[in-house]
Amino acid sequence: MAASIRALRFFSDCTRNIYHVSRCRIKHVCCRAGITGCRGYSDSTEGRSTHFGFQTVPEEEKAEKVYKVFESVAEKYDVMNDAMSLGIHRLWKDTLLHIMNPQPGLRLLDTAGGTGDISFRFLEYTHSMYDRQQRLRAKSRQTPSWQDITEHYASDDAGPTQSRAVVCDINKEMLKVGKQKAETAGITTGLSWVAGDAEELPFDDDQFDIYTIAFGIRNVTHIEQALQEALRVLKPGGRFMCLEFSKVTNPLLARLYDTYSFQMIPVLGEVIAGDWKSYQYLVESIRKFPDQETFKEMIEDAGFLSVQYFNLTGGIVAIHSGFKL
Amino acid sequence: MMCGLPGYFRRILKTSRGYYCLRSFGVLTGQQYTSSGSHQYDGRLYPSHIPTSPVQKAILAVGSGVAALKNPYRHDMVAVLGETTGHQALIRLRDQMRNDSEGCTILVERPRIRLSTLDLTQMSALPDGTLGREYLRFLEENRVTPDSRADVKFVDNEELAYVMQRYREVHDLLHTLLGMPTNMLGEVAVKWFEAAQTGLPMCVLGATLGPLRLSVSRLQLLVQSLGPWALRSGSCARCVLSVFYERRWDQNLVELRHQLNIEPAPVNLFPSSKKTSSNS
């Protein structure tokens, strides 16, 4: 199935974007089908190997390795996030929602959504905003006329104003954990779970009002491809938002952050999740991700406009935002 | 190589080519890590090695201790605790092995007890009462496998890492040698024996805290007969790591115990009388 998807992508890329053909998609099709003769193509071209943390690995292997990392950490993912960031990741995610300021009735695509943190917050935010709007409306209608009351009934059904969130993640274990969380929290309506690759989203064009990817884009093998897909699935006027670890500018904070990352985080990973190597990958992959300005340029290259970024906690994380116009 | 804390922090700030956490800092500062004789595994001393600083080892020791106490089924935490606290004991064990001719052979040949290295058909064909047959019976009855032992990760010396690995792999054989089952009482008895023999802090901790989970009657049994026997045998016995078990599968178990100076267990803890004795 992977081979056919790759073949399909090859053909759609050909018609849409010649640039991607030059990145040797042909080789991907051949190699996925296991034809070893094609390896001759690979020797001198770049884009054949990529980074996995500080290691260099062939591109095809990176996705698999990343999959294995998240498969093994899925159960303890949330606990580890709290332990590693001392709970601050919750503030980062809350800030993302505040900057997003979604109105009720919008459709969100939460890519690399995994355990659903952003989607839950989105639904909570829009529901509370909806309730607030209802209350304000009710206050201003102290002595309603019959006309007002009928209008009120008509507009009160959940349909048109319901916000919907789609959590998309390549890793089924993470989705499983997310679904269990949703059940425990009692969130049933307005949430769907889809397994899909950020480089090749299983959605039609112009579907979503908001696209978010929180702490996921650095794990994608071809970031430009993910940005292209984001542009494709957003409606015109839609917003792209990315929450990701970034470069710390203050040198003292940078030193402390590095020491903490490399000394403490793998140790926490070993003790809490029994997995040193996955968390070593995590801190290394953060170092390999481009800095705020470079990533902003990548987003602009993909076709987004009005791109800006906000640094949080001294640059440890950054929220990038762009619009499809 | 225990350096003092100020020295350690100085090393980090000076971005030196220190041994610990080099890969990460090396890339950050653009320096390539070099170390004598460890090019084979890219900075590590053996395939499963993860180099750690003294600070990291300390945090690992405390963290794994707490995790193991909270959830005794976390065998990986018990293993980490053993590795991070056992440096001195491992050195002592290795020296004991070096002073023994069979132990020396083991240190040179580095045998591993894994399902892939055991000849199961041959072992099951051995007569009852032999080490190989009884070991196989123990594995089948308790549904354990020698491959479930975690690899050593945090020991910063290749030979000591092997000694630690050997200790783990010999643990099941110890159950067979001592005639102890894998229930809580049997495990505690084996831990007391190991604590007396090896002096590993993890064994001592397990031996001290294990009895807290026993019922009163079992605790009584432990304190009155099993415990003293285990401690006595442990201190008088020959170093169990120095025995080349892989070449003694056909040796009679009773005879082996006698050779190693291990007294037979005072109590039969197995539900059916599967315990090996000369009158089986």
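Remember, predicted model here, so these are calculated numbers, not experimental data. Proteins get letters first, then strands, A, B, ... in listed order; numbering begins at 1 in each.
The shortest non-hydrogen separation linking Glu270(A) to Arg74(B) is O-NH2, 3.8 Å.
Counted within 6.0 Å of CD on Glu300(A), heavy atoms from surrounding residues, nucleotides or ligands total more than 12; the atom is thus considered enclosed. Sparse packing is recorded around CZ of Arg213(B), with 12 or fewer heavy atoms of other residues, nucleotides or ligands lying under 6.0 Å away. Counting non-hydrogen atoms of other residues, nucleotides and ligands closer than 6.0 Å to CZ of Arg110(B) gives a total above 12.
Partners of Lys76(A) by salt bridge (charged side-chain N to carboxylate O under 4.0 Å, His left out), not counting sequence neighbours: none found.
Below 4.5 Å, heavy atoms of chain A meet heavy atoms from Ile59(B), Leu60(B), Gly63(B), Ser64(B), Ala67(B), all part of residues 58-69 of chain B.
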Trp276(A) and Val80(B): side-chain contact (heavy atoms from CB on, under 4.5 Å), yes or no, with the steps? CA-CA 11 Å; Trp276(A) 177 288; Val80(B) 170; over 6 Å; no
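Only the backbone of Ile272(A) comes within contact range of chain B, with at least one heavy atom under 4.5 Å from a heavy atom of that chain.
Here the side chains of Gln56(B) and Phe262(A) are not in contact, with every heavy-atom distance at 4.5 Å or above.
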